[in-house]
Amino acid sequence: MADTTHGIGGLTFDAKKRNWPNEANIFIALLLIIGVFELLGHFLMGQSFLFDTRGRFGSIFNEARLEIIILQVSIVGIIAIGVTQVIISSGIDLSSGSVVGATAMIAMSFAQVAEVNGNPNPTTALGSWAQDLPVLVPVAIGLLCGLLAGFVNGVLIAYTGIPPFIATLGMMVTARGVSKWWTAGKPISFPTDSYKEIGSGLMPVVIFVGVAILFHLLLKYTLYGKHTYAIGSNESAARMSGINVARHKVLIYTIAGVLSGLAAIVLSSKNLTAQAGMGVMYELDAIAMAVIGGVSLSGGRGSVVGTVLGALIFGVIISGFTFLRLDAYYQEMVKGAIIVAAVVLDRWRHYLAALR
Amino acid sequence: MADTTHGIGGLTFDAKKRNWPNEANIFIALLLIIGVFELLGHFLMGQSFLFDTRGRFGSIFNEARLEIIILQVSIVGIIAIGVTQVIISSGIDLSSGSVVGATAMIAMSFAQVAEVNGNPNPTTALGSWAQDLPVLVPVAIGLLCGLLAGFVNGVLIAYTGIPPFIATLGMMVTARGVSKWWTAGKPISFPTDSYKEIGSGLMPVVIFVGVAILFHLLLKYTLYGKHTYAIGSNESAARMSGINVARHKVLIYTIAGVLSGLAAIVLSSKNLTAQAGMGVMYELDAIAMAVIGGVSLSGGRGSVVGTVLGALIFGVIISGFTFLRLDAYYQEMVKGAIIVAAVVLDRWRHYLAALR
Amino acid sequence: MDNDIVLKTQGLTKHYGGVHALQDADFEIRRGEHVAIMGDNGAGKSTFVRQITAVEQRTRGTVWFDGREVEFDGPLEAREAGIETVFQNLALADDLNVPDNLFLGREKIKFNLGPFSILDYKAMREATLRGLEKTAVKIPNISQPIRNMSGGQRQCVAIARTATFHSKLTIMDEPTAALGVQETAQVENIVRTLKASGESLILISHNMRQVMDLCDRIVVFRRGRVVANLRKEETDGQDVVAYITGAKTQSQYDVEAA
Amino acid sequence: MDNDIVLKTQGLTKHYGGVHALQDADFEIRRGEHVAIMGDNGAGKSTFVRQITAVEQRTRGTVWFDGREVEFDGPLEAREAGIETVFQNLALADDLNVPDNLFLGREKIKFNLGPFSILDYKAMREATLRGLEKTAVKIPNISQPIRNMSGGQRQCVAIARTATFHSKLTIMDEPTAALGVQETAQVENIVRTLKASGESLILISHNMRQVMDLCDRIVVFRRGRVVANLRKEETDGQDVVAYITGAKTQSQYDVEAA
Amino acid sequence: ENIGVSMALFDDNFLTVLRNGMIAQAKGMEGVDLQVEDAQNDVAKQLDQIKNFVASGVDAIIVNPVDTSATEAMSAAASAAGVPLVYVNREPVNVDSLPDNQAFVASDERDSGTLETMAVCDLFAKEGKNPARVYVMMGELSNQAAVQRTQDIHDVMEGGKCAVKLEIIDQQTANWSRDEAQDLMTNWLSTGERFDGVISNNDEMAIGAIQAMKASGLSMKDVVVGGVDATQDALAAMGAGDLDVTVFQDAAGQGAGALDAALKLAKGESVDKKVYIPFQLVTPENMEKYTSKN
Ligand SMILES: Nc1ncnc2c1ncn2[C@@H]1O[C@H](COP(=O)(O)OP(=O)(O)OP(=O)(O)O)[C@@H](O)[C@H]1O
Ligand SMILES: Nc1ncnc2c1ncn2[C@@H]1O[C@H](COP(=O)(O)OP(=O)(O)OP(=O)(O)O)[C@@H](O)[C@H]1O
Ligand SMILES: OC[C@H]1O[C@@H](O)[C@H](O)[C@@H](O)[C@H]1O
Ligand SMILES: [Mg+2]
Ligand SMILES: [Mg+2]
């Protein structure tokens, strides 16, 4: 009776009635939210949300809208992917936003042009030796800064046993200090042309998608992923099973740090500037994207696909609000409610599934 | 052999070698930090940190310093006590800071005087009917706002099963929207004299200490406390044991909300103004105080005494930095490190204790 | 319905996604009767317990308790109705100490102030020591968190918790699995006390000797279904094992052939 | 040191704060020998296991393994040195499925890329089914998270994990506590296979029949101390119980009188 | 016309006056529809908001930049879509190379701190305090107004523009906030150091400092306090004799100018590329003029 490709006997197992994947719920939530905006747009604005009803783009979609929906969440999305693996391992990273700020400042200092409109660069931070350097230099330095911050997080968490919340909160405060100290608060602008390209146009989207695919594969098909889930599920079991938990945690946080560094590079390139206040609160958006995408804050469960869907939900909400010309106050109030509703929806499906 | 006041036989039990309470570690950390400032003060500033070496106070202590150390953490301390019980129940409250902001705006609108320096009050929010009201009105409204926000948090968490992180993140975003919307961002100042008194002088300290004592008793000696620890320790066990977990959670978050409301009243009274940006990031400071005080983010462990000590560590750090005239950038960097160090110290003691 | 029947289920079914963990279970137990449930690992015994105590929501089926049809909203309601349960996973709060766990959900109180009632620690301590003595377990310091207790100590706390309170029906899911020789004997004594005072019991156990010693009737589960209902006098160990392994199935339960 | 001795401890002691869980334990086991540890709940048996596998840091005492003094830095090192353990709390990752748990920490790999090595899911699945068959446990869908498994299913996964890999010393802490009749028999068979292939075993169990069936020697713990070391041929069930309960203590271990 | 407005942040007192002025003015006009967004102090969010405006097809955009050096990307985004853009309140870094259909209306932060500091110096000179010892309270360090206004103080000192010799005892940030300023001032007071004045980057912090000093029994007659913004609270404090100097920044003027320019650009008309709205010094003598402005 029992299908031996699934197990080894015992109860009846009806493979057709397996629970569908969590990601499907989130996708439905995404469609639902789009549907609501489309409907409201139709009735309130006499306009379509996603479709090109005014013939502006020569396509059935409002391409400008599609682009901005993804573009505006790409950078936080990159961070969210790093955060996803951290949360799966039952950790948390509150430092990502501040690390983005500090890294952007530092990387940008090495990406300066010598001349702006024929005058010497007015914002350069380090002097002329750091001008007109090849793009590899700021990129490498940016990734390295992120790596370093992540590594410190990881070592603190893995080897001193303090909770990730505290270690990364400390890093958050420290990195915020660094980003203000670096140029005494002055912003740094005017990057080289090659640096400008990293974040121009749809490049942030391309990078985000690339990172997402890579980490989807890493988490699903490699030792790295398996051990990350194992640690998040039961850390002491993982240790007793012979996983080098401490070393693995250092790796997880270091990788998350590198992704923050990457996000900082893309962000400062896209905005053509770095300033100390950059990245504030990104950590919360990133965590929210992951959780809306079904990553469990108690560890052990979640996926990159879910997080990407969570990021898209964010993007749709932001664009939808501007589309509806909602007052900024209401935008915030409703955004709070939608974050909650998206997750409630998901729980509700779970609940129904448990009744079948 | 076995001492029957401790147990019922079996192994030898040496009551003298019991592990000392967690709070003792934190107290030692506090003393250590004070010691460091005292030493640095001696060598760098030629001045004492805590003692009255210049004979200004007719006391051995620099009383002004002692006062400000506690005063500057009293308001966040009140929130931290609410957060402590939330974390013990294995939850988290990210909304407390924003709820403070929104509540301050609303309560302050009902605490307006009619005349300032003989002219009509220039910032009044609701018109003259809401001027010169008895102090009870804004206080009641403030507490009610906090209660409401907490109640919504509690109901969402208890009855929809979404993670507290998300429910309170939603509330955070929403409350932030409310506080900007209330007067379209305009600050509200000029409260009545009776309202001014709530936060004047050392009143915030008195209120903080009162709240701390009350909640210490509540958590230690009542059903409320016991069930809070039980839920945090093993929620499904608590449910199977017949605790009404959902109802209890609503209570916990509602009480935390009321404390945020109280903090908002004290804060706006102390500052004689309410502004939309008030309370930002208080939630993180409050959580950090609790965790530094030994409250476990995975629930079930911690105490109000610990949180109060955690708050004092914060206060000492802030005052110590100003005392040393440390540059603002370094202040932030070092503050991050000290938060981490305080917790590391605590873990280290645990580790040593495990070796005995 | 027969007034003498404490608990009765009909067609009780639980599916987890595609896993049919419990299928059309018909079961009844009379006042004062002690019934054993036996069966392989994964046969659905604990699932059956979780459905009647409303820890989970059943897929379908009907449950009568104490003369009326019930749809408990959760384990709290089940307990208030008079069902005491020792769950297989024990349901203890790891950070609380022994007395706190023993009285979890029904603490002794000095002053009743609703949810803010003052606890009577001293009374609970003393009652705990008395309760634990009955199980013969040894615990050097009952103020330690349950997290630090050995497997058997934990199990004894869970049993003492149930045995300390009277009920219409007690359910024990493998109560002696982790217990030592002496402790097992004591717990079996507790069960005999229940019998003497006329309380009903459902005992899940893999220990044939124990089941034969303590119970009047044995119900066997296999692959999520009830496959036998045997009076103790009419069976023996080997016969029961035959039902467990699938060598035999009572004709009235033989749906697989159908 | 005698080259035939696999594991030896001297003065092994563990205090938790004021609780003296293990006191001056002297113990040894020879190559191919199967030794049982018995004792009351809370006697210190699992504590003893946690010290030799370095799950915890001991208070004092010396451990020799495989001919040299060892100070393992954690269970990973202990396992790499050749000690396989089934812990009483099973040490399973609840969110992972059965094959993932079985191969936790020694996954089968398709391409070796260090920490980013590609997993060989198919091979692990197949090996899992083979490994579990030996325990006779039934699991309808091994792709379900371990969280959803019954008590006995979980235990069988933990045992299969140990039994699938060769070792110098296997330690099983109450491996059959939650197992059904058939599964218990199978696990006992696994133990006999170990004996046949000359691997050493420490078996902790409360089941006298099982211990007498499977082991060469019985060491009894009481109140954190070793109180007896009995060759199976020279003792019987009643005698062992006398040592467990404290009615008897072997003279060489009689420190309490001193 | 549909005009999209992106403000650097909503919960900022001064910018709120500016924003509300703009909204009030638009309400009084026929067929002008403002959509105001909150960039929450995030450069990236602001750039995305501009793109969202473009996707929705607005007729012109007004930007109050979070970061004045991040404006190049914004100018590029708007001009690529052919949508006119006006910067308000903060001078964009690319002010000299703005595309044709872009303009700006802002104030020069080099004036605010300079006016404030020089007025404070004059008060010290009048009271014969030379050298004068002061504490400096800075705004959020990631904000250019804070950095520039602090720099202004040093420039005045070093440029010989101060009537007395200024000694800065300590300079710290209170993040624009009255609450943090109170705590900071109390901490300073606890050191027992003698001082003559407080120069603050804005009024809120100046008021916080005043509250702390009054709470510890200092007479405000003996201390010179300066701020920037001329908010209602500040003027009330000045009326009570607590605050000595503040600097008025014309919020309504900036808002009106920006809206005006945006509407003209949307209609294809040409406008002045740069409009400077000057800062004005406010003291007890002339404060009457400002009571109902900010
Ligand atoms: N939440 C769940 N989701 C999916 N399958 C489940 C779930 N809970 C239990 N099962 C499956 O249901 C079957 C019955 O489990 P149950 O715990 O009732 O067994 P049992 O008879 O108590 O076994 P044991 O003697 O080992 O305790 C098992 O195959 C188990 O894997
Ligand atoms: N971390 C700890 N802190 C304090 N006491 C502990 C700790 N761990 C174990 N103990 C105590 O040590 C004693 C021995 O526990 P252990 O788990 O070794 O018993 P055991 O012999 O394995 O019992 P069982 O047969 O019930 O599994 C118990 O009294 C237990 O309460
Ligand atoms: O950006 C924030 C700051 O902006 C300035 O223009 C204002 O003067 C300050 O009070 C503060 O609000
Ligand atoms: Mg079971
Ligand atoms: Mg044990």
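Residue numbers begin at 1 in each chain, while the letters A, B, ... track the order of the sequences.
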### Task
Count the heavy-atom pairs under 4.5 Å between each of B/Ile162, B/Ile338, B/Ile339 and chain A, then report the option with the highest count.
B/Ile162
### Query
Can A/Ile87 and B/Phe165 be said to form a side-chain contact (heavy atoms from CB on, under 4.5 Å), step by step?
CA-CA 12 Å; A/Ile87 300 181; B/Phe165 194 97; over 6 Å; no
Report, by ascending residue number, the residues of [range] in heavy-atom contact with chain A at a distance under 4.5 Å; give 'none' if the set is empty.
range: residues 146-161 of chain B; result: B/Leu156, B/Thr160, B/Gly161
range: residues 231-240 of chain B; result: none
range: residues 171-178 of chain B; result: B/Met172, B/Val173, B/Thr174, B/Arg176, B/Gly177, B/Val178
range: residues 308-321 of chain B; result: none

### Summary
For A/Pro163 and B/Val291, the nearest pair of non-hydrogen atoms, with its separation, is CG-CG1, 4.1 Å
### Query
Checking heavy atoms, do the side chain of A/Ala184, its backbone, both or neither come under 4.5 Å from chain B?
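Looking at A/Ala184, backbone and side chain both touch chain B.
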### Task
Measure distances from A/Leu297 to the heavy atoms of chain B and classify the residue's part below 4.5 Å as side chain, backbone, both or neither.
side chain
### Task
Name the option with the most non-hydrogen atom pairs under 4.5 Å to chain B; the candidates are A/Asp327, A/Val334, A/Ile287.
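Counting heavy-atom pairs under 4.5 Å, the top option is A/Ile287.
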### Task
Name the member of A/Ile166, A/Ile292, A/Leu284 that forms the most heavy-atom pairs with chain B at distances under 4.5 Å.
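Max contact count across the listed options: A/Ile166.
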### Inter-residue atom distance A/Ser179.OG - B/Glu332.CD, 0.5 Å rounding
7.5 Å
### Query
Non-hydrogen atoms of chain A under 4.5 Å away: do they reach the side chain of B/Leu169, the backbone, both or neither?
side chain
### Query
Has B/Trp181 got more than 12 heavy atoms of other residues, nucleotides or ligands less than 6.0 Å from its CH2?
no
